[in-house]
Amino acid sequence: MERKYSVFIFNVASCSDRYCSAYGRDFSMEEMFDRVKSIPLLSAVDLVMNQQFLADKPGILRNLQRTGLKVASVATDTFANPLYQQGSLTSIDPGVRAQAIADAKAAMDFAAEVNSNIMTLWLGQDGYDYLFQADYLREHRLLADALAELCDYRREINVTLEYKIKEPRTHCYVSTVGSTLLLCREVGADNLGVALDYGHAALGYESPAEAVAMCKLHGDKLMHIHINDNYRLWDDDMIVGSVHTLEYLEFLYWLRRTGYAGYMTLDQFPFREDGRNAVAESAQWLDYLESLVDQADFQEIESVLAQKDAVESSRLMRRLLRGRPEAITVR
């Protein structure tokens, strides 16, 4: 299977957290593109249409042409823009909601311009923090109506919903694989689907592999993937496989079994590490784990699954980890 790896362009630069605005120096857009290009396993970037992007859109187009990198997806900034502090597509302010829809349409237009068919929405501000703060019926209706309008705007662009149980709100409306698939069913658009973030699934105490299977079962709705790792207590955005190595093998197996053929985008925040090197290490881990799955006997795996025997499952995991050293090529 072709391996298509991407990275959010800003992840190879310096990241900020709640306490420190940046642990490293600022990088120009050209430097960020060069850092991505220097990682042999990466062939694309994911872009977020935030203020930095909007200030240098011509530069982004120039750097895409210069480096030959493709665009895996374009995301709209519904999470860091203070305009959307009380929601974007679910805002009860008609003007704010209209602006959020316009921003998303602009992202869809740019995706078409750079030959990407994915526009991602992470609606981190759409939700609530307190009891009796939100009219759930009203705001879920607003969300479904806005998504229907977006999907109808450009049917050749897939609108993908990146779900997350919490943060920045204590409760997010697009929260789990189940709630996201229900929303997709309600809207009923062929070009509405799921952007599965591995770390968000783990944070929500989901099995990421089961989430993949659920997307296949309910309309073949898995359209994009973000890759990282965490300890399940928070969205740590760590190096791929550094915590859930075995779970990643099951996740990758189910991606193969369900026929996912899109990009896997590295989405991590290397606060204290060099961004370029941390992303490169994630790409190496992902490539290595995929090589183990390449060697797996899928009939054997299906035979073990059919037994539903935990001991046999454990033995299978050891065999998968062992691999065949002579067959593993780390690129």
Side-chain angles (χ1 to χ4, degrees), residues 48 73 75-81 84-92 96-97 100-101 104 118-148 150-151 158-189 192-219 221-237 244 247 251 254 265 267 269:
V48 180
S73 79
T76 183
D77 181 12
T78 57
F79 45 87
N81 187 338
Y84 302 129
Q85 61 183 287
Q86 292 294 350
S88 59
L89 299 185
T90 65
S91 174
I92 61 174
V96 171
R97 191 167 63 257
I101 291 172
I118 300 290
M119 191 277 285
T120 298
L121 286 169
W122 172 45
L123 301 172
Q125 299 288 0
D126 289 84
Y128 56 96
D129 303 311
Y130 292 91
L131 305 179
F132 293 101
Q133 186 180 17
D135 184 333
Y136 310 126
L137 294 176
R138 177 188 182 189
E139 292 178 26
H140 276 279
R141 183 71 264 156
L142 290 173
L143 176 56
D145 289 347
L147 291 173
L150 292 174
C151 289
N158 291 325
V159 177
T160 66
L161 299 171
E162 180 182 359
Y163 67 86
K164 187 176 183 181
I165 196 77
K166 62 179 180 179
E167 196 206 16
R169 305 308 293 254
T170 63
H171 296 76
C172 295
Y173 283 140
V174 184
S175 55
T176 64
V177 68
S179 66
T180 309
L181 289 170
L182 279 173
L183 184 57
C184 289
R185 178 179 292 183
E186 180 181 359
V187 174
L192 180 63
V194 177
L196 195 162
D197 183 300
Y198 187 96
H200 294 182
L203 173 65
Y205 203 67
E206 294 180 350
S207 160
E210 184 188 8
V212 170
M214 292 288 287
C215 289
K216 184 68 174 181
L217 188 63
H218 295 281
K221 285 297 187 180
L222 182 58
M223 296 180 176
H224 198 41
I225 291 175
H226 295 170
I227 296 292
N228 46 62
D229 215 335
N230 64 46
Y231 288 104
R232 291 192 184 274
L233 298 172
W234 200 252
D235 187 26
D236 302 307
D237 281 328
H244 294 110
E247 285 189 64
F251 178 72
W254 277 97
T265 294
D267 180 7
F269 280 75

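The chain is numbered in sequence order, starting from 1.
- Taking 4.5 Å as the limit, some side-chain heavy atom of Thr76 sits within range of a side-chain heavy atom of Leu121.
- Between Lys221 atom NZ and Leu196 atom CG the span is 15.0 Å, to the nearest 0.5 Å.
- Distance OG/Ser175 to CG/Leu203: 11.0 Å, rounded to 0.5 Å.
- Under the side-chain contact (heavy atoms from CB on, under 4.5 Å) criterion, His171 pairs with Tyr128, sequence neighbours left out.
- For His226, the ring pair (Phe, Tyr, Trp, His ring centres under 6.0 Å) partners at least two apart in sequence or on another chain are Phe8, His224.
- Closest approach of Asn230 and Gly199 over heavy atoms only: ND2-O, 2.8 Å.
- Take Lys216 and apply the side chain to side chain donor-acceptor pair (under 3.5 Å) test, not counting sequence neighbours, and it matches Asp220.
- For Thr120, the side chain to side chain donor-acceptor pair (under 3.5 Å) test picks out Thr160, with sequence neighbours left out.
- Taking CE from Met119 and CG from Leu161, the interatomic distance works out to 8.5 Å, rounded to the nearest 0.5 Å.
- Taking the six-membered ring wherever Trp is involved, the centroid distance between the rings of Tyr173 and His140 falls below 6.0 Å.
- In this structure, Tyr231 places its OH atom where only 12 or fewer heavy-atom neighbours from other residues, nucleotides or ligands lie under 6.0 Å away.
- Residues forming a side-chain contact (heavy atoms from CB on, under 4.5 Å) with Ala189 (at least two apart in sequence, or on another chain): Cys151, Val187, Asn191, Leu192.
- Of all heavy-atom pairs spanning Ala201 and Pro208, the tightest one is CB-CG, 4.1 Å.
- Summarising the geometry, atom CZ belonging to Phe269 is positioned 9.5 Å from atom CG belonging to Asn228; distances are rounded to the nearest 0.5 Å.
- Of the possible donor and acceptor atoms, one in the side chain of Thr78 sits under 3.5 Å from a partner among the backbone N and O of Trp122.
- When the side-chain contact (heavy atoms from CB on, under 4.5 Å) test is applied to Leu217, no partner is found at least two apart in sequence or on another chain.
- The salt bridge (charged side-chain N to carboxylate O under 4.0 Å, His left out) search around Glu206 returns none, not counting sequence neighbours.
- Side-chain contact check for Tyr163 versus Asp197: every heavy-atom pair is 4.5 Å or farther apart.
- In this structure the side chain of Gln86 reaches within 4.5 angstrom of the side chain of Gln133, judged on heavy atoms.
- In this structure His244 satisfies the side chain to side chain donor-acceptor pair (under 3.5 Å) test together with Asp229, sequence neighbours excluded.
- To the nearest 0.5 Å, atoms OG (Ser179) and CD1 (Ile165) are separated by 7.5 Å.
- Between the side chain of Asn81 and the backbone N or O of Tyr84, no donor-acceptor pair lies under 3.5 Å.
- The two residues Ser91 and Leu142 come nearest to each other via the heavy atoms O-CD1, 3.8 Å.
- The ring pair (Phe, Tyr, Trp, His ring centres under 6.0 Å) search around Tyr198 returns Tyr248, Phe251, not counting sequence neighbours.
- The shortest non-hydrogen separation linking Ile227 to Ile225 is CD1-CG2, 3.5 Å.
- Checked by atom type and distance alone, the side chain of Asp126 pairs as donor or acceptor with a backbone atom of Leu89 at under 3.5 Å.
- With a 4.5 Å cut-off on side-chain heavy atoms, Cys215 and Val177 count as touching.
- Between Glu247 and Ser207 the shortest side-chain heavy-atom distance does not fall below 4.5 Å.
- Listed by first then second residue, pairs satisfying salt bridge (charged side-chain N to carboxylate O under 4.0 Å, His left out) with a partner in residues 162-179 read Asp129-Arg169, Lys164-Glu167, Lys164-Asp235, not counting sequence neighbours.
- Annotation: side chain of Asp135 is not in contact with side chain of Ile92 (no heavy-atom distance under 4.5 Å).
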Show, in sequence, the C-alpha distance, side-chain angles and deciding distance for Leu143 and Val174, and conclude whether the side-chain contact (heavy atoms from CB on, under 4.5 Å) test is met.
CA-CA 10 Å; Leu143 176 56; Val174 184; 3.9 Å; yes
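- Asp145 places no side-chain N or O within 3.5 Å of a backbone atom of Leu147 that could act as its donor or acceptor partner.
- The side chain to side chain donor-acceptor pair (under 3.5 Å) check on Glu186 picks up Arg141, with sequence neighbours excluded.
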